[in-house]
Each structure stands twice: as C-alpha cells, then as structure tokens.
A.B. asks: 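Below: one structure in structure tokens.
Since the structure is predicted, the reported quantities are computational estimates derived from the model, not experimental observations. Chain letters run A, B, ... following the sequence lines, proteins first, then strands; residues in each count from 1.
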2 protein chains.
Amino acid sequence: MELLDETDLKILRILQNDAKKTTKDIAKQLHLTASPVYERIRRLEKKGYIKHYVAILDKKMLNRPVTAICMVSLRYHNEGFIDTFEQQIKELVEVQECYHMAGKVDFFLKIHLEGLEEYHEFVRSKLSKIHNIGVLESYFVLKEVHNTTAIDF
Amino acid sequence: MELLDETDLKILRILQNDAKKTTKDIAKQLHLTASPVYERIRRLEKKGYIKHYVAILDKKMLNRPVTAICMVSLRYHNEGFIDTFEQQIKELVEVQECYHMAGKVDFFLKIHLEGLEEYHEFVRSKLSKIHNIGVLESYFVLKEVHNTTAIDF
DNA sequence: TTCCATAGAAGAATATTTTCCTGTTAAACG
DNA sequence: CGTTTAACAGGAAAATATTCTTCTATGGAA
C-alpha cells in the first residue's frame, strides 16, 4: 500500500476540521478541480483513513453540562475479568470514552451527565453494580480549556 | 427560546452518528419530507445545538498510535498563572484535549504522538518548558475500549 | 530518441441533493 | 366558528456530487 502524498494530507486536515466543506471549495483551496479531490476523498474513506463523519453537538444545550472523569482499578486482573468489565462499561450510555491504561490505574472513563446528583446516582446504581472494581476515583471538569477531535500530523 | 421536540432530538441523534446522511434519508426515516428536516437542521445549527461537522480520522493509520493522558498540578494557583498555563497548553499541537479539573489534580491532558520516544521528547522540550508545573503524572492507553463523540440524551 | 504504460488531472455530462418558495393542513386561541 | 400560527408537503431552481472520457506528464524499455 502506497503512502499518502501531501495533497491527501491537506484534504484530511481540512475535513477533520470541517466535514461540510465541498469538494469544490477544497479543490479551489488546493488549486485542483473537483474530480481529483473527489476521488482522493473516496479513496481515503475506502482505505480507512477517514473512519466516519459526525456532527459535534453542544453538550450544555442538550442538558449534559457535567463531565466527569473516572479512574478505575480492578481488584482482579485475569483476562476474563478484564473482558467482562469492558463489556459492561460499553453498555453504559453515559460513558463516552473508556481506555484501558498502563500504570497503577486500569481504566479511564469520560462521562457526561445532567448534574452531580445524576453522577451520584450513576455511580450508585450502575458503576458499583459492576463487580471487581477495586478503586474508583472521580474528577469533575471545571472548564474545557481545549477540546478537538482533530489530530496533528 | 422554545425547547426541542422529539423530532429535533431524533435528527440530532442521527447526525452525531453520521453527518453525511442526507436530509432525504433522514426524512424517510422520520416519515417526513425533506423540507421540514432541512429547516430543522438549519435551525439547530443556527441556535448552536450543532457546533460543527468533522471527519474522524484513524490515528494509527496517520502514524499517531500512542495516546497519553497527563495529569498536571500547578505549583501556584493565582488566576494569572492558570490563564498563562492554559494559553501555553493551547499552543501545543500534540494536545487534543485539556480540562481544568476539580480536585487535587488541576489539569487533564490527552495527547497523541508517534511513539514513546516522541512522548519523552514532548515532555522534555515542551511541557517542562512551561513553568509553574508542580506534579506531572503520565499514563498510556493500552486499548481504546470505547470512544465516541456522541452523547446520550 | 521513440514508443508504450501508468497515474493523476481536467472537463463534460448526469444524477442527487440542497435550498427556497408556495400552498395546505392542523392545532391553538379568542 | 373564524383567525392565527406553526409545521409540513410538494415542486422548481441552483448547487453539488458522481461518473466517465479525454488529456498530459512521467518514467521506463526497446
């Protein structure tokens, strides 16, 4: 599989910041016509460089102003236990992200909720229902200093 | 400002999972014609429920396979120091997310890099150049268990 | 050099979608 | 009941996406 050239990279940089930009506009920006840009985008989608397109919504306007970050350590670390934990986490709709970590903490969770009461209820009725959790530390976001889905390359 | 009805919410749920779905398809799914769907989307954009549209790229294919999470505590917590720190963090292209937290840790950073050597170099030549950092703890993602930009509502 | 072969890219033609406008229906309210 | 308003349907025009054919530059191989 051949690598991407600079034009491909430029297209990706544009699309990860504004997926609604038309191929025509991108073409103009890159001093090309629509056809090659269109074909490149299709190729980038097909090869998997572009995974999908999403709308980014305003959490606060949708009544999910509270972001919590949870650090979880398991009590037992057998493979089965880990898989079970991951499976159960994936079923919690409040959890937007979950990472298995290297270090003394096993998992990071990012959680969006209506308020602190709902967080309390979430921990009480959902998280604590998952067995095998050893340590659970909670942090709350005071301010989103910076938050983007774009990566630098 | 009047609230969103169930149709608006359905549209938002669709778009935050697939921004490329046409108004026509959405209309079909909701048993409407394209016009009202189109008008609702425009209104949702204008009112700010939809912030923007982005392409989600594959980090690994773009040679950024390593995700690090950094927990930073400042030495001094005057307003000026915090603002300065936030400003400097925003200039680091490797940092995708930065949150000011409540608790013993002041900031969470999510960082995407080529490899562990690059992380070392990032800390050495960029992070440590920022004054006022008291404690710096690093964690690495072993596995993305779950990661979405969509929120549940 | 000359002759393919190949890989973009341009340009044109077509299919879809977006966008806007008008008329209609239905619920809301006096 | 009549009036008003909001939401919707339908359709036309404009813009865009998509496909296809042709052109051009580049790089071997003879």
A.B. asks: Give me the residues of residues 19-31 of chain B where at least one heavy atom lies under 4.0 Å from an atom of DNA chain C, by number, or none.
C.D. replies: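 By residue number: B:Thr22, B:Thr23, B:Lys24.
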A.B. asks: Restricting to side chain to side chain contact (heavy atoms under 4.5 Å, CB included), what partner residues turn up for A:Leu142, sequence neighbours left out?
C.D. replies: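 Checked A:Leu142 against side chain to side chain contact (heavy atoms under 4.5 Å, CB included); matches are B:His100, B:Ala102.
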A.B. asks: Would you say the base of C:dG8 and the side-chain of A:Ser35 have a donor-acceptor pair closer than 3.5 Å?
C.D. replies: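 No such pair is found, so the answer is no.
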A.B. asks: Could you check how far CD1 of A:Ile41 sits from C1' of C:dA9, rounded to whole Å?
C.D. replies: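 The distance from CD1 of A:Ile41 to C1' of C:dA9 comes to 15 Å, rounded to the nearest Å.
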A.B. asks: Measure OH/A:Tyr38 against P/C:dA9 and give the value in whole Å, please.
C.D. replies: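 From A:Tyr38 OH to C:dA9 P: 16 Å.
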A.B. asks: In chain order, what residues pass the side-chain hydrogen bond (donor to acceptor under 3.5 Å, both in side chains) check against A:Glu121, with sequence neighbours excluded?
C.D. replies: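 By the side-chain hydrogen bond (donor to acceptor under 3.5 Å, both in side chains) rule, A:Glu121 matches A:Arg124.
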A.B. asks: Quick one: side chain to side chain contact (heavy atoms under 4.5 Å, CB included) partners of B:Val54, sequence neighbours excluded?
C.D. replies: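 Once residues adjacent in sequence are excluded, the partners of B:Val54 under the side chain to side chain contact (heavy atoms under 4.5 Å, CB included) criterion are A:Val54, A:Ile56, A:Thr149, B:His52, B:Ile56.
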A.B. asks: Please collect all side-chain hydrogen bond (donor to acceptor under 3.5 Å, both in side chains) contacts where either partner lies in residues 68-85 of chain B, sequence neighbours excluded, each pair once.
C.D. replies: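 Non-adjacent pairs meeting side-chain hydrogen bond (donor to acceptor under 3.5 Å, both in side chains): B:His77-B:Asp106.
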A.B. asks: What residues form a side-chain hydrogen bond (donor to acceptor under 3.5 Å, both in side chains) with A:Lys20, not counting sequence neighbours?
C.D. replies: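 Partners of A:Lys20 under the side-chain hydrogen bond (donor to acceptor under 3.5 Å, both in side chains) test: none.
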A.B. asks: In chain order, what residues pass the side chain to side chain contact (heavy atoms under 4.5 Å, CB included) check against A:Ala19, with sequence neighbours excluded?
C.D. replies: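 Once residues adjacent in sequence are excluded, the partners of A:Ala19 under the side chain to side chain contact (heavy atoms under 4.5 Å, CB included) criterion are A:Tyr53, B:Tyr53.
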A.B. asks: Holding to side-chain hydrogen bond (donor to acceptor under 3.5 Å, both in side chains), I want the full list of residues that pass it with A:Asn63, two or more places apart in sequence or in another chain.
C.D. replies: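 Residues passing side-chain hydrogen bond (donor to acceptor under 3.5 Å, both in side chains) with A:Asn63: A:Glu114.
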A.B. asks: Check each of A:Phe81, A:Phe85, A:Tyr99 against A:Phe107 using the ring pair (Phe, Tyr, Trp, His ring centres under 6.0 Å) test, and report the only one that passes.
C.D. replies: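 Of all the options given, the one that passes is A:Phe85.
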A.B. asks: Taking heavy atoms of chain B and a 4.0 Å limit, find me the 5'-most and 3'-most nucleotide of DNA chain D within that range.
C.D. replies: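 Under 4.0 Å from chain B, the extent on DNA chain D is D:dA7 to D:dG11.
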A.B. asks: Using salt bridge (charged side-chain N to carboxylate O under 4.0 Å, His left out) as the criterion, list what pairs up with B:Glu6, not counting sequence neighbours.
C.D. replies: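 B:Glu6 satisfies salt bridge (charged side-chain N to carboxylate O under 4.0 Å, His left out) with B:Arg13 once adjacent residues are dropped.
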A.B. asks: Supply the members, apart from A:Val93, of the Ile/Leu/Val/Met/Phe/Trp/Tyr cluster built from side-chain contacts under 4.5 Å; use none for a lone residue.
C.D. replies: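 A:Val93 clusters with nothing; isolated.
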A.B. asks: Name the stems with DNA chain C in them: runs of three or more consecutive Watson-Crick or G-U pairs, distances under 3.5 Å?
C.D. replies: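 Stem segments, range with range: C:1-30 with D:1-30.
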